[in-house]
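Notes to accompany the following structure.
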Number of protein chains: 2
Amino acid sequence: MAKHDPLGDVFAALADPTRRIVIHRLGAGPASVGELAADVPITLPSFMKHVRALEESGLITTSKTGRVRTCVLDRDRLALVDDWLAEERRLWEGRTDRLERLVTDPREHA
Amino acid sequence: MAKHDPLGDVFAALADPTRRIVIHRLGAGPASVGELAADVPITLPSFMKHVRALEESGLITTSKTGRVRTCVLDRDRLALVDDWLAEERRLWEGRTDRLERLVTDPREHA
DNA sequence: GTCATGCTTAGCCATGTGGCGAAGTATCGC
DNA sequence: GCGATACTTCGCCACATGGCTAAGCATGAC
């Protein structure tokens, strides 16, 4: 849909419960595709699609050693969400603060 | 997809750029469907789908007065994301802290 | 070499999503 | 009442998503 929308890709990746389970598990440290797949009741090929989706969103990185592919969580990517949230809050809190000030302390103005 | 997955619904809602624009705009205060639609280059019926998606995710509430439907942001719903993020971070930071402590301060003091 | 293991690729399918135009309904302003 | 305004409903369509089975390929164990 969107051509270059990193934040959107991250949100889309997090929208799926299966993928949030993976993120959660990877929070405890790297794991192989097989280990991760054991936590969900779907077939491996289906599971691999989720892994690829997570990798394309940038939330995880993977690398293959021998026949085992290991997945690692990229926390910086999760920070993208945090930043967006913080920015939105900053904007509407700025506005709220001004209203608050007028209500709670009329002397305090700009 | 998921039967009852509030967090997933919120993430899915935020995955679309159009809907993030709406959220952003509503951060500045309530607005009518028409006002909101003016910010994006799609037809009204298409836009309405986004409004409904946002409402079903719980991120906004809407009410109709006369022929105008007014949308309001529900910040508590956004907090759902914040909470999830905080919880995940709490988990893996707990682990990291323990490692950090061993590396940076073997004596383990306050 | 042979067999098990651990992905990986290649279809296929049902459903969901996001866009459209056309036409309908319910106020509001005059 | 009549026209403009502000949605709203109704198909319809292309493509994305998430699941499956079956078969393939590379590596590790023996």
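Here is how names work: the chains are called A, B, and so on, in the same order as the sequence lines, proteins then strands, and each is numbered from 1.
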For atom [atom1] of [X] and atom [atom2] of [N], their distance in whole Å:
| X | N | atom1 | atom2 | result |
| --- | --- | --- | --- | --- |
| F47(A) | dT9(C) | CZ | C1' | 18 Å |
| R52(A) | dT8(C) | CZ | C1' | 8 Å |
| L14(B) | dG18(C) | CG | C1' | 17 Å |
| D16(A) | dA16(D) | CG | C1' | 14 Å |

Tell me whether the OP1 or OP2 atom of [N] has a side-chain N or O from [X] closer than 4.0 Å.
| X | N | value |
| --- | --- | --- |
| R69(A) | dT8(C) | yes |
| R19(A) | dG18(D) | yes |
| H50(A) | dT17(D) | no |
| T43(A) | dC20(D) | yes |

### Task
Could you pick out which residue, S46(A) or E35(B), lies toward the 5' side of DNA chain D when each is mapped onto its nearest nucleotide?
E35(B)
## Note on the structure
Between K64(B) and R67(A), whichever has its closest DNA chain D nucleotide further toward 5' is K64(B)
### Task
Quick one: label L44(B) by what it contacts on the DNA or RNA (base, sugar-phosphate, nothing), any heavy atom closer than 4.0 Å.
base
### Message
Of the listed nucleotides (dG21(C), dG6(C), dT8(C)), which one gets closest to any side-chain atom of P45(B)?
### Response
dG21(C)
### Query
To 10°, what angle do the rotation axes through the five end pairs on each side of the helix from dG1(C)-dC30(D) to dC30(C)-dG1(D) form?
30°
#### Entry: W84(A) and F11(A) aromatic ring geometry - parallel, tilted or perpendicular at 30°/60° bounds
perpendicular
### Task
Using a strict 4.0 Å threshold on nitrogen-to-oxygen distance, state whether D5(B) and R20(A) make a salt bridge.
yes
